[in-house]
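Report on the structure given below.
Protein chains get the first letters and strands the later ones, always in sequence-line order, with residue 1 at the start of each. Remember, it's a predicted structure, so these values are computed and weren't measured experimentally.
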There are 2 protein chains.
Amino acid sequence: MARIKVDEHSSRKDIIVSKAASLFREKGYKATSMRELADAVGVEAASLYNHIHSKTEILHVICFNVANRFMSHMESIELENVSAIVKVEKLLRFHIKEMLHQYEEVYVSDREWKHLTDPYLSNFQNQRRTYRKRFAAIIEKGIAAGEIKSIDAPTAVLIMLHAVSGIESWHRSTAKISGKELEENMVTIMVDGLRK
Amino acid sequence: MARIKVDEHSSRKDIIVSKAASLFREKGYKATSMRELADAVGVEAASLYNHIHSKTEILHVICFNVANRFMSHMESIELENVSAIVKVEKLLRFHIKEMLHQYEEVYVSDREWKHLTDPYLSNFQNQRRTYRKRFAAIIEKGIAAGEIKSIDAPTAVLIMLHAVSGIESWHRSTAKISGKELEENMVTIMVDGLRK
DNA sequence: CTTTTCCGCTAACGACCGTTAGTTTTATAT
DNA sequence: ATATAAAACTAACGGTCGTTAGCGGAAAAG
């Protein structure tokens with residue numbers, strides 16, 4: 001009867017969620033069974049339910065952790081007193097860093113949110129939509145200020161967000177450039193692509 | 001006993017595959033059951049097996065249809081006698097158009113290939129890797145020729161391919177710009193981002 | 001040391017999954 | 001009109017799924 005090991009910064013639930021994120025990333029939410037998750041945690045499937053209510057709950061913890069991080073970062077950026085193009089660059093860099101260092105959770109939130117169930121699903125979709133609108137609004141300001149090319153702002157947002165999710169391929173590739181280099185390359189291509 | 005309707009250009013199998021692509025795109029491969037697919041086709045689940053061998057077969061038909069289209073397009077681009085940056089732009093435009101007009105299949109091939117089983121899985125991964133290498137090689141030539149900024153070519157490929165897959169959001173959004181406008185915006189941002 | 005709380009276990013449930021066997025109906029060819 | 005082939009049906013298989021009930025041992029609190 002080997003208990004789930006805990007340190008003082010993470011509860012047993014945290015550990016389950018974290019292992020789940022790793023499996024969901026690797027195989028997808030639907031293709032990951034509670035029995036597999038239990039194996040990864042080192043426990044029987046039924047024991048998981050002492051710490052979580054359902055499989056869905058795990059997914060929604062992951063998704064909202066990520067969404068909240070991005071949302072509160074957006075708020076802090078909006079308050080900064082810098083030009084629009086600098087804000088865009090900062091947002092982009094934040095996305096890249098999150099994808100580099102909180103890979104599993106961010107990736108799962110991005111790809112598996114469809115399997116959330118209401119009311120969490122609608123809630124998540126709303127947050128997502130709101131986030132993108134606020135991102136686009138910053139780009140619009142940059143266009144109005146003549147810093148950014150006159151392009152369709154929602155399209156620019158879409159390009160940046162999805163390009164970042166491609167870091168998944170980088171993680172899985174063997175001959176990697178460093179994370180820092182990756183960041184600089186991405187920023188160079190995309191921010192230059194926007195700049196007037 | 002209502003038969004699957006066929007016209008002279010598509011077999012019953014084609015129709016099943018096409019409906020499957022639509023469902024796989026909407027809900028994911030694992031989350032789509034053969035009974036749901038049968039419903040969509042207007043038939044009982046067991047009847048599907050008069051036309052296909054397995055659920056996996058449907059996925060691999062979708063994935064290889066798409067992969068082969070991209071691969072043979074790559075071949076024709078490589079033979080053209082134009083500058084590297086023009087080749088890159090043409091490849092990008094092809095990806096955008098495919099994503100606009102063969103949305104369901106291309107999206108499924110992109111997101112659900114993980115659920116292929118060997119030998120198809122390895123085969124698909126190889127094709128994918130090869131395709132990206134050849135794409136990167138074109139960019140490298142552009143860098144050597146001084147047409148393209150000196151950036152990491154695999155990263156540039158990754159950005160473009162993933163940015164294109166963001167067209168999914170465009171499809172689902174309500175207030176759309178036209179497909180043509182979307183294409184021009186994407187090309188503007190990304191090709192300008194690469195150009196020296 | 002005793003009590004209580006936490007957390008693991010085994011066993012099993014009903015639901016759904018992909019798929020097969022065998023039969024009947026519909027369309028096609030003679 | 002009849003024979004053949006194509007494609008639908010019903011029924012059911014073994015397996016896996018998420019989850020619950022109930023029980024026993026280990027850790028924490030007194």
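- Rounded to whole Å, the distance from CD on A/Glu44 to P on C/dG8 is 11 Å.
- Ring pair A/Tyr29/A/Phe24 is perpendicular by interplanar angle, where above 60° counts as perpendicular and below 30° as parallel.
- Classification of A/Arg134 and A/Glu75 as a salt-bridged pair holds, one side-chain N sitting under 4.0 Å from a carboxylate O.
- Contacts of B/Ser33 with the nucleic acid, taken as non-hydrogen atoms under 4.0 Å apart, involve only primed sugar atoms and P, OP1 or OP2.
- C/dC16 atom P lies 10 Å from atom CZ of B/Arg35, rounded to whole Å.
- Rounded to whole Å, atom C1' of C/dG18 lies 12 Å from atom CZ of B/Phe24.
- Both B/Arg3 and B/Ala46 sit near DNA chain D, but only B/Arg3 has its closest nucleotide nearer the 5' end.
- Here the C1' atom of nucleotide D/dC9 and the OH atom of B/Tyr49 are 16 Å apart, to the nearest Å.
- B/Leu23 has its CG atom 13 Å from the P atom of C/dC17, to the nearest Å.
- Ion pairing of B/Glu57 with B/Lys13 is present here, as a side-chain N (NZ or NE/NH1/NH2) and a carboxylate O approach within less than 4.0 Å.
- Each of D/dA8, C/dT19, D/dT19 was ranked by its minimum atom distance to the side chain of B/His51; first place goes to D/dA8.
- Contact check, B/Arg12 against D/dA6: no side-chain N or O comes under 4.0 Å of OP1 or OP2.
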When you look at B/Ser11 and B/Asp14, which way does the side-chain hydrogen bond (donor to acceptor under 3.5 Å, both in side chains) test go after all the steps?
-> CA-CA 5 Å; B/Ser11 66; B/Asp14 293 338; 3.3 Å; yes

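- Contacts of B/Thr56 with the nucleic acid, taken as non-hydrogen atoms under 4.0 Å apart, are absent.
- Without hydrogens or angle criteria, B/Trp170 side chain to A/Pro154 main chain gives no donor-acceptor distance under 3.5 Å.
- Both A/Ala45 and B/Ile52 lie close to DNA chain C; mapped to their nearest nucleotides by heavy-atom distance, the more 5′-ward contact belongs to A/Ala45.
- Distance, A/Asn50 CG to D/dC23 C1': 12 Å, rounded to whole Å.
- The separation between B/Leu48 atom CG and D/dA8 atom P is 9 Å, rounded to whole Å.
- The interatomic distance linking B/Met34 (CE) with D/dC13 (P) rounds to 21 Å, in whole Å.
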